[in-house]
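Input: a single structure, listed below in C-alpha cells.
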Amino acid sequence: ALFNKDKLADTIFKDIELKYNNVKELAKTAKRKPKVLSGVMYKDKWNMPAGDSFGAQLLRDANVNYPWQKSIGTGSLSLSFEAVFDKARDAEIWISPGFFSSFNQLKESNKHYTKFDAFQNKNIYNSMNRKGETGGVLYYELAPVQPHIVLKDIIKVMHPNLLPQYELYYFQQLN
C-alpha cells in the first residue's frame, strides 16, 4: 500500500497460495502417514508446535501423523522428556531438532535422544540447509513468505516418492 503496488502484492500472494494448495493436494495422495516428532529440549522442557500453530498446520498439510496435532494453542508446547518419549519414541521421522546439525551433537547434548527410533534410524532433519552471507539460517528469514517451499520440503522428507525429482531447499538430514 505504501508503494501503490497492491495488485502486484495480490498477484504474488495468489501465486504462493496456488502453489501451496497444489502441493497440499499432492500430500493427500500419500498412501500412509508417517509418525513424526518435532522440536527439541531446552533445559528440561521439550518445545514443539502446538496443534493450532503454523508448524502443526504445515505437518497437517503434509499429511503426517503428528501426535500433538489436536493440542490447544498457537505457539509452542513445553513438555517433559518423558511425555514426549511416551508418545513419540516410535516416530519414524524427527524434524526441526533446533540448531543441531549432527547425530553426535544430539547424543552429546542428551544421551536419551538416542532412544528414539528416528535417531536410531538416522531419520532426523533440521532446517539449516541454507545460510546467508554472515552464516544466519535463511529458514527463519524467508520461510514465512515461502510456505509452499517449506511444505514441499516437509512432503519430500515424509513422502519422498511424491516428489522424486525435488531437492530439499530449507531442510537437510543430519549427518
Quick check: do Val150 and Phe54 have side-chain heavy atoms less than 4.5 Å from each other? no
For the residue pair Asn21 / Glu25, report whether a side-chain donor-acceptor contact shorter than 3.5 Å exists. no
Please find out if less than 6.0 Å separates the ring center of His112 from that of Phe81. yes
OH/Tyr170 to CG/Asp153 distance, rounded to the nearest 0.5 angstrom? 8.5 Å
Side-chain heavy atoms of Val64 within contact of His159, under 4.5 Å: yes
Heavy-atom count check: over 12 atoms from other residues, nucleotides or ligands less than 6.0 Å from Glu167 CD? no
Tell me whether the count of non-hydrogen atoms from other residues, nucleotides or ligands lying under 6.0 Å of CG in Asn4 goes above 12. no
Can you give me the closest heavy-atom contact between Ile154 and Ala62, atom names plus distance? CG2-CB, 3.5 Å
Should Tyr125 and Leu168 count as side-chain neighbours, where that means a heavy-atom distance under 4.5 Å? yes
Scanning both residues in full, the closest heavy-atom pair of Pro160 with Val157 reads CD-O, 3.9 Å
Would you sort out whether Leu58 and Tyr20 count as a side chain to side chain contact (heavy atoms under 4.5 Å, CB included), showing the intermediate values? CA-CA 10 Å; Leu58 284 162; Tyr20 187 95; 3.6 Å; yes
Leu59 and Ile95, any side-chain heavy atoms less than 4.5 Å apart: yes
At their closest point, which heavy atom of Val84 faces which heavy atom of Met48, and how far apart are they? CG2-CE, 3.6 Å
Below 4.5 Å, heavy atoms only, C-beta onward: do Tyr140 and Ser127 meet side chain to side chain? yes
Keeping Gln120 on the side-chain end and Thr114 on the backbone end, is there a donor-acceptor pair under 3.5 Å? yes
If I compare all heavy atoms of Ser53 with all of Pro49, which pair ends up nearest, and what's the gap? OG-CB, 3.3 Å
Going from CG on Leu79 to NZ on Lys45, what distance comes out if it is rounded to the nearest 0.5 angstrom? 7.5 Å
Step-by-step side chain to side chain contact (heavy atoms under 4.5 Å, CB included) determination, Ile93 to Met158: CA-CA 7 Å; Ile93 302 165; Met158 305 298 163; 3.5 Å; yes
Flag, side chain of Asp61 to backbone of Lys24, donor-acceptor distance under 3.5 Å: no
Checking Gln173 side chain against Lys122 main chain: does a donor-acceptor pair fall under 3.5 Å? yes
Is the ring pair Phe85/Phe116 parallel, tilted or perpendicular, if the boundaries are 30 and 60 degrees? perpendicular
Determine the sole option in Ser76, Pro67, Pro97, Ser96 for which the side-chain contact (heavy atoms from CB on, under 4.5 Å) test with Ser38 is passed. Ser96
Between Asn126 and Phe100, is there a donor-acceptor pair closer than 3.5 Å when you use the side chain of the first and the backbone of the second? yes
Okay, side chain of Arg89, backbone of Lys115: is any donor-acceptor separation there less than 3.5 Å? no
Looking at CZ of Arg32 and CG of Asn65, how far apart are the two atoms once the value is rounded to the nearest 0.5 Å? 9.5 Å
Looking only at atom types and distance, does a side-chain atom of Asn121 sit under 3.5 Å from a main-chain N or O of Asp117, one as donor and one as acceptor? yes
So, the side chain of Arg60 versus the backbone of Gly51: is there a donor-acceptor pair under 3.5 Å, distance only? yes
From Leu106 CG over to Met41 CE, what is the distance, rounded to the nearest 0.5 angstrom? 12.0 Å
Would Trp46 and Leu37 count as a side chain to side chain contact (heavy atoms under 4.5 Å, CB included) here? Give the steps. CA-CA 11 Å; Trp46 194 297; Leu37 169 64; 3.8 Å; yes
I want to check something: taking the side chain as every heavy atom from C-beta on, are Leu174 and Ser102 in contact at a cut-off of under 4.5 Å? no
Measuring from Lys152:NZ to Leu162:CG, what's the distance to the nearest 0.5 Å? 12.0 Å
Please find the pair of heavy atoms, one from Asn129 and one from Gln172, that lie closest to each other, and give the distance. OD1-OE1, 3.2 Å
Which atom of Val145 lies closest to which atom of Ile16, heavy atoms considered: O-CD1, 3.4 Å
Taking the ring of Tyr166 and the ring of Phe171, is the distance between their centroids below 6.0 Å? no
Without swapping roles, check the side chain of Glu17 against the backbone of Phe13 for a donor-acceptor pair under 3.5 Å. no
Does Tyr42 have more than 12 heavy atoms from other residues, nucleotides or ligands lying within 6.0 Å of its OH? yes
Could you check if a side-chain atom of Leu26 sits within less than 4.5 angstrom of a side-chain atom of Asn22, using non-hydrogen atoms only? no
Hey, are the side chains of Asp15 and His148 touching, using non-hydrogen atoms and a 4.5 Å cut-off? no
Could you tell me whether Tyr113 and Phe119 have their ring centroids closer than 6.0 angstrom? no
Working to the nearest 0.5 Å, report the span between CD of Gln146 and OH of Tyr139. 11.0 Å
Give a yes or no on whether the backbone of Ala56 and the side-chain of Gln69 come within a donor-acceptor separation of less than 3.5 Å. yes
Is it the case that the side chain of Ser109 and the backbone of Gln105 share a donor-acceptor pair, with hydrogens and angles ignored and the cut-off at 3.5 Å? no
